[in-house]
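Only one structure is covered here, and it is reproduced in the block below.
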Number of protein chains: 2
Amino acid sequence: MHSYGQYCPVAKGAEIFADRWTPLILRELLADVHRFSDLYRGLPGISRSLLVSRLRQLERADVVERRPAASGAAAGYHLTEGGRELRPVVMALGEWAARRAFGDPEPADLKPEVLMGWIARRVNRDLLPDRRVLVRFDLRDTPKRWWWMILEAADVSVCRQDPGFALDLSVTAGLADLYRLWLGRVSFDEARADGSVRVEGATALVRAFPRWLGLSPLAPAVRAGAR
Amino acid sequence: MHSYGQYCPVAKGAEIFADRWTPLILRELLADVHRFSDLYRGLPGISRSLLVSRLRQLERADVVERRPAASGAAAGYHLTEGGRELRPVVMALGEWAARRAFGDPEPADLKPEVLMGWIARRVNRDLLPDRRVLVRFDLRDTPKRWWWMILEAADVSVCRQDPGFALDLSVTAGLADLYRLWLGRVSFDEARADGSVRVEGATALVRAFPRWLGLSPLAPAVRAGAR
DNA sequence: CAGTATCCTCGAGGATACTG
DNA sequence: CAGTATCCTCGAGGATACTG
């Protein structure tokens, strides 16, 4: 970690926070991603060794704590109390960018596996019905179009193969359209109205789906910036 | 500027903000430092070419605007409206660090010329008397001990030579003590009580001095973190 | 004062293969 | 799954001298 050689809180904070990849690693940890492989998959472009090195730096700064596998619990990285207090910093940065540095998506920034992970993690599980729901996403403009999401109160998981049991809902959208919706650049009503996102299935489920879908925590800021 | 290749506000914000030196440059601009040489002097350790390159990046990001010299006004760098909106981000980072990553000063972090600049810029000029006040600082544990500060409602300036006119106040302190005071780690009363900072001169001026001295904007957070 | 131009260094981090 | 070990590259940025 680079030292600025200044006795100033902004300098000390920047030494810890303002390093390549670190804000994104904190974003993942704040979104309750804890396992090394999940962090790695959520940050395409980082190398395994750089991720390890950043996590070690954050451990030394008392922001992250590595919990070895215990009975029942998998090993993983967790924010300390001090680390959790970085949420307002990450949010302030994201809110600023949502308003001031966030345009329409560039194709190179759109990654189906990243978006599917974001969506799955933010599903409002307490609003789900008392049974397993299977949703298929058809990202019609991508090479590997089909994604399945299994929604249960206990867990939401994503897979690339048809799990084989009965489909409840089918969502059809362009990749950019689904990104725009989840990030709040367009509302569900707008996306439905212009046909960019289509949801099909039993009427009750189609109606419930928008409530299950938890948008990005930055969706309100993106929405405000898009007007 | 490095791209993270993600359509996410935190990523886009980090591309602009979370780069080496950038948070400190923004701190200076937010503190109304505008001239290239003043920015350079406030960031010991940066090279001229790196400062130029960071300022250019911030111009491209629409955060900074370079105003060429006009009649009466010197050339300088100014925050755009979007740039000024980064203040909550810089403050959130500083407040976090003040609470969680800010201990007692390391000798290598203490630089008299930096601290004198900070103090001069934050003097409460509207509380000054209706005349010029000359204050001499004796940083008794540093090689170049003597600093003079000329306080006027219109401007506060620092110099290394005795300006020659009558001295109003004399402040004697160790360098670390003066840093601790200005950053809020100790209060004026505590510093006076333990003798770490001594102020001498006419009684009325000695009484008024603590009100003239505007502490760091992060002093409340440092104070809260130091207990 | 406010930079630019040139040359060069070194260390951050990538690529790849391997491991408990 | 969660890393470590090794080797190597390249580009960010330092040093220095110069300029309108």
Let me know the distance between [atom1] of [X] and [atom2] of [N], rounded to the nearest Å.
| X | N | atom1 | atom2 | value |
| --- | --- | --- | --- | --- |
| A:Ile46 | D:dG3 | CD1 | P | 13 Å |
| A:Leu51 | D:dG3 | CG | P | 8 Å |
| B:Arg20 | C:dC10 | CZ | P | 15 Å |
| B:Phe36 | D:dG20 | CZ | P | 18 Å |

Between [X] and [N], does any side-chain N or O lie under 4.0 Å from OP1 or OP2?
| X | N | result |
| --- | --- | --- |
| A:Ser47 | C:dG13 | no |
| B:Arg56 | C:dA2 | no |
| B:Tyr77 | C:dG3 | yes |
| A:Arg48 | D:dC1 | no |

Does atom CD of B:Glu106 have more than 12 heavy-atom neighbours from other groups under 6.0 Å away? no
Answer for the Watson-Crick or wobble partner of C:dT19, both distances under 3.5 Å, is D:dA2
Does D:dT9 pair with anything, Watson-Crick or G-U wobble, both distances under 3.5 Å, and if so, with which nucleotide? C:dA12
How are the rings of [X] and [Y] set to each other: parallel, tilted or perpendicular (split at 30° and 60°)?
| X | Y | result |
| --- | --- | --- |
| A:His2 | A:Tyr4 | perpendicular |
| B:Phe36 | B:Tyr77 | tilted |
| A:Tyr179 | B:Tyr7 | perpendicular |

Both A:Ala74 and A:Ser49 contact DNA chain D. Taking the nearest nucleotide for each, which residue is further toward the 5' end? A:Ala74
Minimum-distance nucleotide (side-chain atoms of A:Arg41 versus C:dG13, D:dC1, D:dA2): D:dC1
Would you indicate which nucleotide in D:dG13, C:dG13, C:dC1 comes nearest to any side-chain atom of B:Leu50? D:dG13
Polar pair under 3.5 Å, donor/acceptor by atom type, side chain A:Arg35, base D:dA2: no
